[in-house]
Amino acid sequence: MKKECVAMLLAGGQGSRLKALTSKVAKPAVPFGGKYRIIDFPLSNCVNSGIDTVGVLTQYKPLELNAYIGNGQAWDLDRSDGGVHILPPYVIEGERGTWYKGTANAIYQNISFLESYDPEYVLILSGDHIYRMDYAKMLARHKAAQADCTIAVLEVTLEEASRFGIMNVDEADNIYEFEEKPAHPKSTLASMGIYIFRWKKLREYLIADEAQEDSSNDFGKNIIPAMLNAGEKLVAYRFQGYWKDVGTISSLWDANMDMLSPESGIALHDKGFPIYSRTPVRPPHYVGPRARVSHSIISDGCEVEGLVENSVLFHSVLVEEGAVVRYSILMPGAVVRAGAVVEYSIVAEHAVIGEKAVIGGPPDSSPNWGVAVVANRVHVGASATVAPQSMVTHDIKEGGGTP
């Protein structure tokens with residue numbers, strides 16, 4: 001059962017910044033790109049990197065996420081020796097159980113799982129990023145440097161740097177300082193929230209951190225600074241490629257629009273490094289004789305009779321005749337009735353947009369402009385109006401609207 005490297009995928013976040021889209025599902029289960037869910041990316045990265053043992057740490061509204069992962073077959077993780085394991089918080093007899101209190105505490109609560117595989121290295125991942133990455137290259141860097149911890153970093157602009165944890169490094173990319181969201185960053189090397197640790201070393205710090213009553217039990221706030229202060233060897237691994245944190249409505253919309261741009265770098269057509277998903281079987285999509293479709297992704301099971309431009313349609317979407325969809329994301333089972341107009345919007349799973357309703361609108365100079373969102377299974381009545389940046393979480397009656 002011994003494994004050289006075990007991956008631990010943190011997938012329990014509430015995703016509060018995605019608001020209406022995560023009211024019923026965990027953030028990693030949110031649909032993305034026409035046929036995927038966000039968690040498909042780290043799971044596929046693991047398999048493509050030769051890592052066949054993955055613990056998925058769930059917490060917030062895990063039912064749909066757990067059902068989606070299943071036994072891991074879609075990602076070739078249905079292994080008798082290793083494979084994918086769902087790891088929710090649990091109570092040990094005679095002890096007081098808690099939710100995962102932070103990223104480090106989540107790993108601490110699963111020390112026994114890790115010890116069952118006796119790994120040399122542990123890879124810590126987040127479940128809310130869109131990217132393709134060969135973790136084997138990062139592990140090779142970790143071994144060559146004889147590091148205690150290797151942190152994946154990405155160059156960002158100086159304006160963006162204050163939003164990230166920033167790594168300050170020497171000429172050999174050894175990390176000598178970590179700044180959490182600094183107001184005046186000294187460098188532009190942003191942490192991607194991807195770590196490789198020597199397991200024995202990490203175990204020591206997890207146990208010590210748990211004993212600190214005032215700790216946030218977080219890798220960025222506690223574990224990494226503690227290791228730096230103790231003089232452990234931390235090195236940076238520079239990642240070059242597409243990476244996006246899709247933790248907000250605007251970033252999720254942007255990343256989906258990147259699917260339509262060959263210059264975005266997302267590069268999902270690489271047959272040597274595919275992104276796997278668990279996609280339901282549907283008939284081929286159908287585009288009617290009066291339909292007009294341009295520069296869009298149309299998935300299996302869709303029926304398009306209206307106009308669709310610069311948009312991403314997931315499986316089983318219906319766009320009726322006379323309806324207009326522009327620069328929008330229609331998630332599985334969404335329906336846009338005849339004469340409705342949906343622009344710069346995200347319409348969640350099984351939501352229905354009534355006849356001649358108007359959802360969202362093109363960008364303007366208004367400070368209140370933003371992408372409109374209609375939540376799962378919400379019905380927007382005929383001739384209703386949903387203003388840009390609105391979050392619709394309840395049905396809207398015919399002719400009603402949002403400010």
Q: Does the side chain of V30 reach to within under 4.5 Å of the side chain of T22, using non-hydrogen atoms?
A: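 Of all side-chain heavy-atom pairs linking T22 with V30, at least one is under 4.5 Å.
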Q: Checking the side chain of D173 only, and the main-chain atoms of A236 only, is there a donor and an acceptor separated by less than 3.5 Å?
A: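 No, D173 side chain to A236 backbone: no donor-acceptor pair under 3.5 Å.
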Q: Under a 3.5 Å distance rule, please check whether Y36 uses its side chain to pair with a backbone N or O of T279 as donor and acceptor.
A: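 A pair under 3.5 Å: no.
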Q: Can you find a heavy atom in the side chain of C149 that is under 4.5 Å from one in the side chain of I224?
A: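 They are in contact (side-chain heavy atoms under 4.5 Å apart), so the answer is yes.
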Q: State plainly whether the residues K221 and E180 are in salt-bridge range, i.e. N to O under 4.0 Å.
A: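 So K221 does not pair with E180 through a salt bridge.
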Q: Do T248 side-chain atoms and S251 backbone N/O form a donor-acceptor pair below 3.5 Å?
A: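 Between the backbone of S251 and the side chain of T248 there is a qualifying donor-acceptor contact (under 3.5 Å).
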Q: What's the separation between atom CD1 in I297 and atom CZ in F314, rounded to the nearest 0.5 Å?
A: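 Here the rounded value is 8.5 Å.
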Q: Which residues pass the ring-ring contact (aromatic ring centres under 6.0 Å, His included) test with Y242, not counting sequence neighbours?
A: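 Counting only residues at least two positions away or on another chain, Y242 forms no ring-ring contact (aromatic ring centres under 6.0 Å, His included).
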Q: Among V153, L158, T157, exactly one meets side-chain contact (heavy atoms from CB on, under 4.5 Å) together with T188. Which residue is that?
A: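 The residue from V153, L158, T157 that satisfies side-chain contact (heavy atoms from CB on, under 4.5 Å) with T188 turns out to be L158.
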Q: Check whether D218 reaches the backbone of N222 with its side chain - one donor and one acceptor, N or O, closer than 3.5 Å.
A: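 Answer holds: no.
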Q: For T150 and R141, which I'm curious about, is there any donor-acceptor pair between the side chains at under 3.5 Å?
A: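 Note: T150 and R141 side chains miss the donor-acceptor criterion.
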Q: With the side chain counted from C-beta on, respond yes when Q389 and V371 share a heavy-atom pair under 4.5 Å apart, and no when they do not.
A: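 The answer is no, as the side chains (C-beta and beyond) never meet within the 4.5 Å cut-off.
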Q: Any side-chain heavy atom of V380 within less than 4.5 Å of one from D395?
A: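 No, every pair of side-chain atoms sits at 4.5 Å or beyond.
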Q: Look at atom NZ of K244 and say whether more than 12 heavy atoms of other residues, nucleotides or ligands are closer to it than 6.0 Å.
A: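 Yes, enclosed.
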Q: In sequence, state the C-alpha distance, the side-chain angles, and the governing distance for Y135 and C46, and then conclude on side chain to side chain contact (heavy atoms under 4.5 Å, CB included).
A: CA-CA 7 Å; Y135 303 133; C46 284; 3.9 Å; yes
Q: After noting the C-alpha distance and the side-chain angles of V56 and I39, does the key distance pass the side chain to side chain contact (heavy atoms under 4.5 Å, CB included) rule?
A: CA-CA 10 Å; V56 180; I39 200 169; 4.1 Å; yes
Q: Mind listing the closest non-hydrogen atom pair of R337 and A323 along with its distance?
A: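 Heavy atoms only, the tightest pair is O-CB, 3.4 Å.
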Q: Please determine, by modelled atom types, if D300 and H285 share a side-chain donor-acceptor pair under 3.5 angstrom.
A: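 D300 vs H285: no donor-acceptor pair found between side chains.
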Q: So L10 and I124, do their side chains get closer than 4.5 Å, heavy atoms only?
A: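 Yes; the side chains approach each other to less than 4.5 Å.
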Q: Restricting to ring-ring contact (aromatic ring centres under 6.0 Å, His included), what partner residues turn up for H85, sequence neighbours left out?
A: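 F113, Y117.
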Q: How long is the gap from NZ on K233 to CG on D148, to the nearest 0.5 Å?
A: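 K233 NZ to D148 CG: 9.0 Å, rounded to 0.5 Å.
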Q: Between S187 (side chain) and M167 (backbone), is there a donor-acceptor pair under 3.5 Å?
A: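 Judged by distance alone, yes, a pair lies under 3.5 Å.
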Q: In sequence, state the C-alpha distance, the side-chain angles, and the governing distance for V319 and L313, and then conclude on side chain to side chain contact (heavy atoms under 4.5 Å, CB included).
A: CA-CA 10 Å; V319 179; L313 275 58; 4.1 Å; yes
Q: Inspect the contact between K27 and D128 and indicate whether a charged nitrogen and a carboxylate oxygen are less than 4.0 angstrom apart.
A: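 Salt bridge between D128 and K27, a charged N being under 4.0 Å from a carboxylate O: yes.
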Q: Apply side chain to side chain contact (heavy atoms under 4.5 Å, CB included) to residues I353 and V374 and explain how you reach the verdict.
A: CA-CA 9 Å; I353 310 303; V374 179; 4.2 Å; yes
Q: Minimum heavy-atom separation for M138 and I151, please, with both atom names.
A: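 Closest approach of M138 to I151, heavy atoms only: CE-C, 4.0 Å.
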Q: Could you check, using the six-membered ring where one of them is a Trp, whether W75 and F41 have ring centers closer than 6.0 angstrom?
A: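 Aromatic pair excluded; centres sit 6.0 Å or further apart.
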Q: Do any N or O atoms from the side chain of S296 and from the backbone of N310 form a donor-acceptor pair under 3.5 angstrom?
A: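 Yes; judged by distance alone, with no hydrogens or angles, the pair exists.
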Q: Within a radius of less than 6.0 Å around CD1 of I207, do more than 12 heavy atoms belonging to other residues, nucleotides or ligands occur?
A: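 Atom CD1 in I207 is packed in, count exceeds 12.
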Q: With no hydrogens and no angle check, is any side-chain donor or acceptor of W199 less than 3.5 Å from a backbone partner on E115?
A: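 Side chain of W199 to backbone of E115: no pair is present.
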Q: To the nearest 0.5 Å, what is the distance between OG on S215 and CG on N217?
A: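 With rounding to 0.5 Å, OG (S215) is 4.0 Å from CG (N217).
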Q: Could you give the distance from CG (L9) to CD1 (I69), rounded to the nearest 0.5 Å?
A: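 Taking CG in L9 and CD1 in I69, the distance rounds to 7.0 Å.
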Q: Just wondering, more than 12 heavy atoms not from K24 lying within 6.0 Å of its NZ?
A: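 Counting neighbours around NZ of K24, 12 or fewer heavy atoms of other residues, nucleotides or ligands fall under 6.0 Å, so no.
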Q: What's the shortest heavy-atom distance between L65 and A11, and which atoms?
A: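 Nearest heavy atoms, L65 then A11: CD2-O, 3.8 Å.
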Q: Is the shortest distance from a Lys or Arg side-chain nitrogen in R198 or E120 to a carboxylate oxygen in the other one below 4.0 Å?
A: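 Between E120 and R198 there is no salt bridge, as every charged N stays at least 4.0 Å from the carboxylate O atoms.
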Q: Out of curiosity, L43 CG to I275 CD1, how far, rounded to the nearest 0.5 Å?
A: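 L43 atom CG to I275 atom CD1 measures 10.0 Å (nearest 0.5 Å).
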Q: So, do L189 and N168 sit near enough that their side-chain heavy atoms are less than 4.5 Å apart?
A: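 No. Closest side-chain heavy atoms not under 4.5 Å.
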Q: Determine yes or no for a side-chain-to-main-chain donor-acceptor pair under 3.5 angstrom, with S261 supplying the side chain and D258 the backbone.
A: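 Checked: no pair found.
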Q: Looking at residues at least two apart in the chain, or sitting in another chain, which of them share a ring-ring contact (aromatic ring centres under 6.0 Å, His included) with W253?
A: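 In terms of ring-ring contact (aromatic ring centres under 6.0 Å, His included), with neighbours along the sequence ignored, W253 is linked to Y344.
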Q: Would you say CZ of R290 has more than 12 non-hydrogen atoms from neighbouring residues, nucleotides or ligands within 6.0 angstrom?
A: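 Count not over threshold, so no.
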Q: What are the two closest heavy atoms between I396 and G401, and how far apart are they?
A: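 Nearest pair, atom of I396 first, then G401: CG2-N, 3.7 Å.
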Q: Is it the case that Y100 and N105 place a side-chain donor and acceptor less than 3.5 Å from each other?
A: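 Y100 vs N105: no donor-acceptor pair found between side chains.
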Q: Return the minimal non-hydrogen interatomic distance between A334 and V347, and the atom names on each side.
A: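 The pair with the smallest heavy-atom distance is CB-CG1, 3.9 Å.
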Q: Taking all non-hydrogen atoms of both residues, which atom of P89 and which atom of Q59 are closest, and how far apart?
A: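 Looks like CG-OE1, 3.4 Å.
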Q: Quick one: does I223's side chain get under 4.5 Å of Y195's, heavy atoms only?
A: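 Sidechains of Y195 and I223: no contact.
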Q: Can you list every salt bridge (Lys or Arg N to Asp or Glu O under 4.0 Å) pair that touches residues 304-318, not counting sequence neighbours?
A: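 Checked against salt bridge (Lys or Arg N to Asp or Glu O under 4.0 Å) - neighbours excluded - the pairs reaching residues 304-318 are E309-R326.
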Q: Output the distance between atom OG (S162) and atom CD (E179), rounded to the nearest 0.5 Å.
A: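 The distance works out to 11.0 Å.
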Q: Write out all pairs satisfying salt bridge (Lys or Arg N to Asp or Glu O under 4.0 Å) with one or both partners inside residues 30-53, taking only residues at least two apart or from two chains.
A: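 Applying salt bridge (Lys or Arg N to Asp or Glu O under 4.0 Å) to every pair that reaches into residues 30-53, excluding sequence neighbours, yields K3-D52, R37-E64, R37-E349, D52-R79.
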Q: When you measure from the side chain of S316 to the backbone of G333, do you find a donor-acceptor pair of N or O atoms at a distance under 3.5 Å?
A: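 Looks like no, no N/O pair under 3.5 Å.
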Q: Can you list every ring-ring contact (aromatic ring centres under 6.0 Å, His included) pair that touches residues 138-173, not counting sequence neighbours?
A: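 Listed by first then second residue: Y121-H142.
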Q: Using a 3.5 Å distance criterion without hydrogens, assess whether the side chain of D209 forms a donor-acceptor pair with backbone atoms of Y205.
A: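 It does not hold such a pair.
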Q: Is M259 close to I266 at the side-chain level, that is, under 4.5 Å between some pair of heavy atoms?
A: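 Result yes, sub-4.5 Å side-chain heavy-atom pair found.
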Q: Out of P332, P283, P31, C302, which one pairs with H315 under the side-chain contact (heavy atoms from CB on, under 4.5 Å) rule?
A: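 Single side-chain contact (heavy atoms from CB on, under 4.5 Å) partner of H315 among P332, P283, P31, C302: P332.
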